Amino acid sequence: MGMIDKEKCVAELFEEYKDAVLNAELPENAGGYSFVKGFGNATSSVVLVGEAPGKDEVLQGRPFVGQAGKILTHFLETAGLERDNLYITNIIKYRLAREGKRAGTLANRPASAKDIEFSAPYLKREIDIIAPKVVVTLGNVPLKGFTEVSGMTGINLKDHHGVLLEIPGESKSYLFPLYHPAGTIYRPELKTVYDADLVRLNEELARLNG
Ligand code: URA
C-alpha cells in the first residue's frame, strides 16, 4: 500500500474508533471525549506509541507536542531518527480526564484496564496498516495493550525494556519497549537507563536497515 492509501485507511480507522468509543461503555471521562489522531509518515518503518494525548495534544490536534514535544526531540536525536521518518500515535486516542481541583478544569487520570482493552485492537489495526519494521512503545500502557493483542505473553517493561522482540506474524517485525520518558521525571535513576535504551534502538535500527 502506498502513502496515500495508508493515510486514507488510517483516517477511516480513526473515524471508526471515535464512533466506537462514543458508543462504548467506558469508565467516566470528565468533559466528554477529545480525540487526537496518529500523525506522521504513514509509510514509516518506525512507529512510536505513547499512552494517551494530554491537554496540549488536544489543543493542537497532534500527539507529543507541548511539554511532551521535548521528549520527542530527545527521542529522535538519540535514536538517530528524522522526524519525517516517523509515525507517532497513542494507544488511547482520547484524553484520559477527570475533574480538576479548580471548578471547570480537567486533570489527567490514569488509564484503566477497560480503556486499554478497548483501544488495543484499534492500535493493532493502525499498526497493521502502517506495517513498520519496529514498533516502539513508551511505558506500560501501550506495552500491555500491544502485547495482548499481538499474542505476545510474558513481556514486561522491567525485563524487556531496550530489547528487540520479534512480533509473531507473517511479516517480520519487531517490538522495542521503552520506559515512558515522563516516568524519568519521577524516577530520575531511569533517565540513564532510558538513554542507554535509545542508543540500543539506534544500533538495532542501523542493523535492521543495513
Ligand atoms: N504523552 C503520551 O503518552 N502521549 C502524548 O501524546 C503526549 C504525552
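We count ligands from 1, going down the list as the structure has it; atoms in each ligand are counted the same way. What you see is a predicted model, and the numbers here were worked out from it, not measured in a lab.
Some N or O of Phe64 is nearer than 3.5 Å to an N or O of ligand 1, by distance alone.
Note that CG of Asn90 is 9.5 Å distant from CG of Leu123, once rounded to the nearest 0.5 Å.
Atoms of ligand 1 lying under 4.0 Å from at least one heavy atom of Pro63, given by number and element, are 6 (O). Less than 4.0 angstrom separates some heavy atom of Gly50 from each of these atoms of ligand 1: 3 (O).
Here the protein heavy atom with the shortest distance to atom 6 (O) of ligand 1 is Asn90 ND2, 2.9 Å. In terms of protein heavy-atom proximity, atom 8 (C) of ligand 1 is nearest to Ala68 CB, 3.5 Å.
Side-chain atoms of Lys6 come within 3.5 Å of backbone atoms of Ile130 as a donor-acceptor pair (strictly under, hydrogens ignored). A side-chain donor-acceptor contact under 3.5 Å links His160 to the backbone of Asn156. Side chain of Ser44 to main chain of Val46: a donor-acceptor pair is present (N/O by atom type, distance under 3.5 Å, no hydrogens or angles).
Both the backbone and the side chain of Glu51 come within contact range of ligand 1, each with a heavy atom under 4.0 Å. Contacts of Ala52 with ligand 1, taken as heavy-atom pairs under 4.0 Å, involve the backbone alone.
For Tyr122 and Tyr17, the ring centers sit closer than 6.0 Å to each other.
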Before you tell me yes or no, could you show the steps for Phe64 and Val36 under side-chain contact (heavy atoms from CB on, under 4.5 Å), namely the whole-Å CA-CA distance, both residues' side-chain angles and the distance that decides it to 0.1 Å?
CA-CA 10 Å; Phe64 287 92; Val36 177; over 6 Å; no

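Taking 4.0 Å as the cut-off, Gln67 does not count as a neighbour of ligand 1 on heavy-atom distance.
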